[in-house]
**Student:** 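I am attaching a structure below and will ask some questions about it afterwards.
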Protein chains: 2
Amino acid sequence: MTLKELAKELNLSFSTVSKALRDSHEISIETKNRVLAKAKALNYQVNPLASSLRKQKSKTIAVVIPEVVNDFFGPVINGIESIAQEKEYHVLIYLTHEDMQKEVAITKLLQNGRVDGIMMSLSEQTSGTAHLEALQEKGIPLVFFDRIAEQMDAPKVTTDDYNCGIKATEHLLENGCKRIAFLTIAPNLSISNKRMNGYLDALKKHNIMQDEGLILYCTGDDHKNNELIRSLFSSPKRPDGVFASVEKLAISTYAVCEELNLQIPEDLKVICFSNMQTAAFLNPSLSTITQPAYEIGREAAAILFDLVEKKGQRGRIEKRVLNSTLVERNSTKGR
Amino acid sequence: MTLKELAKELNLSFSTVSKALRDSHEISIETKNRVLAKAKALNYQVNPLASSLRKQKSKTIAVVIPEVVNDFFGPVINGIESIAQEKEYHVLIYLTHEDMQKEVAITKLLQNGRVDGIMMSLSEQTSGTAHLEALQEKGIPLVFFDRIAEQMDAPKVTTDDYNCGIKATEHLLENGCKRIAFLTIAPNLSISNKRMNGYLDALKKHNIMQDEGLILYCTGDDHKNNELIRSLFSSPKRPDGVFASVEKLAISTYAVCEELNLQIPEDLKVICFSNMQTAAFLNPSLSTITQPAYEIGREAAAILFDLVEKKGQRGRIEKRVLNSTLVERNSTKGR
DNA sequence: GGGCACTGCTACAACGTTGTCGCAAATAAA
DNA sequence: TTTATTTGCGACAACGTTGTAGCAGTGCCC
């Protein structure tokens, strides 16, 4: 069913039909009704490709994230989708799998009209920003969330990572920890960086000597991470507290503790940035810093759509910081 | 950067440039190289909208699922994306939030060239199939996975739900359960139906009287579900085993047990269909039927792409059943 | 009754591609 | 030399829309 076929059925020119469908004032009410009725009867739907090409608007956005099997990015997508559905936009999903090469390849695909805007959370590996600037040069609105490109001139939605880094560390200190390990991935990632600075500054504030050996730089490889953690936990200078900057490192910690027969929280207290739904039911229940993932998605999407639709008021907001909350559970229980 | 602009730069007609870029045999090697070099220099990218319109292929598929914050659908998307990336297809995500009206609205959006094919897992509420047949009538390939439309003539990828229903029930029986409750959502959903039949047949096989009161029909509302479960668990004819047909009902079960101070597995054993990554670290660790979610995604995507690309060999496979595995953990430990 | 403004429609040129056809020039065959 | 055949390129018509410009016909005013 195309416009032309529909027009032929109605004995009208196809431009008349097009206008009638879009409720143009140039068309009489009777004609409009006739067209609308016929369109419904024949189940006519405009061809979005043709329409987008003509209007130079795709009504589509891209969401580029490291992974989707993740208690943080899942709700973020949910938030994005809730706004997209409202605004009648379509959502393309791209996964980088923490691989910068893939991230670059994906940005290439998005350079030419496929999308009206992009939301992004950077991959672990990402260092340069040339591929991101290329998008901006093409005039494609770009909004970062969570793992942002600090140095770029674009709206960013994050949580208060630095403060939470302090809060989490102090929470462990208050519960009696003396030697707190910090588990992180990709230190060049904005979130890792800020969370670690919170950790370091909290130690400084409480006059605790920082021990470089207590900072573990983990990777995307779970096996290797477990090994790193195992060797730290087996060493004589074993920590009595662990602050994991991402969810999966807490899971690794739990796994290694089980293996080495270390009791949480007696031998080791654990806190972690996490949006795990089942944190309360873990053994022991896991204390977390929980990010408002859904709201991050909604907020970032709202900013992007305002930018796309050039209302521009919101686009001025260069940076929006939402607050995470510390949820205290048994894994950090003091003696 | 459009083809025409590029052609002007090169002093060639734009059709020549177009052909050169697609490595047509009609163009001399020198010209091709000249074009390719210039295209790279000017960072030319074909406009996918125009190309799709012309070729009547969007190189895009849609994935329509109930939700994304979910340990099953997450890995499925991963599997789908892995194949899509290989085949250079783009992936649109649509969430129904278990709402049939939304599912219908989404299918309307997909009727006219936006996508070359669709992968779907039905919403809880979905009853009719008119909206799905409409897609087929438009000639859009459609593949179902997990929550399939039994009666439709389309490829389907599922797991051995019926067998696993039997296995899970028998596992509880073997561990000493006498009164096994079955927790389900939306009984008209293919998976619920088959899992329940497995449960019922297992009881029959072991000569156990079925008690209608032990079957709980839950909804999308977690609060209400908790209430239903609470009242079942508080009743004098409390079950000593629970078989939850979907993940979230196991979480509700854990929550209610904590509330009522019921010990798992002593007072009550629990097994559940679930792909939770942290099942092993729950308190107690949760026995699960784990579905090969990633493979389901890959398999369904592979079938869809074969259909889209009309190779048709695989499209003949009307139904593909992958095996889930029962993972025994502490929540079903016998006395 | 000539000029003027509406009303309601049609024609047509984009949007950026792709693929068919045609056509010179160069080469090969007769 | 003449006639086929090939090679390399350009013209052009789609794909299905949207928006601008044009153009009849009607009604209105001075």
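Residue numbers begin at 1 in each chain, while the letters A, B, ... track the order of the sequences.
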**Student:** If you find the nucleotide of DNA chain D closest to A:K4 and the one closest to B:N11, which residue's nucleotide is nearer the 5' end?
**Tutor:** B:N11
**Student:** Verify, without hydrogens or angle tests, whether A:K32 (side chain) and A:S24 (backbone) share a donor-acceptor contact under 3.5 angstrom.
**Tutor:** yes
**Student:** If the test is side chain to side chain contact (heavy atoms under 4.5 Å, CB included), which one of B:D146, B:L122, B:T159 qualifies with B:I191?
**Tutor:** B:D146
**Student:** In whole Å, I'd like the distance from the CD atom of A:E5 to the P atom of D:dT17.
**Tutor:** 9 Å
**Student:** Within this structure, what is the NZ-to-P distance between B:K8 and C:dG16, rounded to whole angstrom?
**Tutor:** 12 Å
**Student:** With distance as the sole test, does A:E5 use its side chain to make a donor-acceptor pair with the main-chain N or O of A:T2 at under 3.5 Å?
**Tutor:** yes
**Student:** Are B:L10 and B:V17 close enough, and set up right, to give a side chain to side chain contact (heavy atoms under 4.5 Å, CB included), and what steps lead you there?
**Tutor:** CA-CA 9 Å; B:L10 286 159; B:V17 175; 4.2 Å; yes
**Student:** Just to confirm, is there a sub-4.0 Å distance from OP1 or OP2 of D:dG10 to any side-chain nitrogen or oxygen of B:S13?
**Tutor:** yes
**Student:** Could you tell me the separation between the CE atom of A:M1 and the P atom of D:dG16, rounded to a whole number of Å?
**Tutor:** 11 Å
**Student:** When you measure from the side-chain N and O atoms of A:S52 to the phosphate of C:dC15, is any distance below 4.0 Å, counting only OP1 and OP2?
**Tutor:** no
**Student:** Atom CG of B:L21 and atom P of D:dG8: how far apart are they, to the nearest Å?
**Tutor:** 17 Å
**Student:** Any carboxylate oxygen within less than 4.0 angstrom of a Lys/Arg side-chain nitrogen, looking at B:E309 and B:K57?
**Tutor:** no
**Student:** How do B:L49 and A:I29 order along DNA chain C: which one's closest nucleotide is nearer the 5' end?
**Tutor:** A:I29
**Student:** Describe the nucleic acid contact of A:T16 in one word from base, sugar-phosphate, nothing, applying a heavy-atom distance below 4.0 Å.
**Tutor:** base
**Student:** Answer yes or no: is there a donor N or O on one side and an acceptor on the other, between the side chain of B:S123 and the main chain of B:T126, under 3.5 Å?
**Tutor:** yes
**Student:** Do B:Q111 and A:N43 pass the side chain to side chain donor-acceptor pair (under 3.5 Å) test, and can you show the C-alpha distance, the side-chain angles, and the key distance before you say yes or no?
**Tutor:** CA-CA 10 Å; B:Q111 292 200 6; A:N43 190 24; 3.1 Å; yes
**Student:** Nearest whole Å is fine: how far is C:dA11 C1' from A:L3 CG?
**Tutor:** 14 Å
**Student:** I would like to know whether B:I80 and B:I61 meet side chain to side chain contact (heavy atoms under 4.5 Å, CB included); could you show each step before the answer?
**Tutor:** CA-CA 10 Å; B:I80 294 170; B:I61 60 163; 4.0 Å; yes
**Student:** Less than 4.0 angstrom between a side-chain N/O of A:R22 and OP1 or OP2 of D:dT17, yes or no?
**Tutor:** no
**Student:** Taking CD in A:E88 as the centre, count heavy atoms belonging to other residues, nucleotides or ligands within less than 6.0 Å. Is the count above 12?
**Tutor:** no
**Student:** Rounding to a whole Å, what distance do you find between B:K55:NZ and D:dA13:P?
**Tutor:** 22 Å
**Student:** Any N/O pairs under 3.5 Å between the protein and nucleotides 20-25 of chain C? List them or say none.
**Tutor:**
residue	atom	partner	partner atom	Å
C:dT20	O4	B:K19	NZ	3.1

**Student:** Below 3.5 Å is the cut-off: list the nitrogen or oxygen pairs between protein and nucleotides 26-28 of chain C, distance only.
**Tutor:**
none

**Student:** I want to confirm an ordering. Mapping A:L53 and A:H25 to their closest nucleotides on DNA chain C, which one lands closer to the 5' end?
**Tutor:** A:H25
**Student:** Rounded to the nearest angstrom, tell me the gap between atom NZ in B:K138 and atom P in D:dG16.
**Tutor:** 12 Å
**Student:** C:dA13 P sits how many Å from A:Q56 CD, rounded?
**Tutor:** 19 Å
**Student:** Does any N or O in the side chain of A:E9 come within less than 3.5 Å of the main-chain N or O of A:L42, such that one atom is a donor and the other an acceptor?
**Tutor:** no
**Student:** Please tell me if B:T31 has a side-chain N or O lying less than 4.0 Å from either OP1 or OP2 of D:dC9.
**Tutor:** yes
**Student:** Quick one: is D:dT17 close enough that its OP1 or OP2 comes under 4.0 Å of any side-chain N or O from A:Y44?
**Tutor:** yes
**Student:** Could you check whether A:Q45 gets within reach of a base, just the sugar-phosphate, or nothing at all, counting any heavy atom under 4.0 Å?
**Tutor:** sugar-phosphate
**Student:** What nucleic acid atoms does A:S18 come within less than 4.0 Å of, heavy atoms only: base, sugar-phosphate, or nothing?
**Tutor:** base
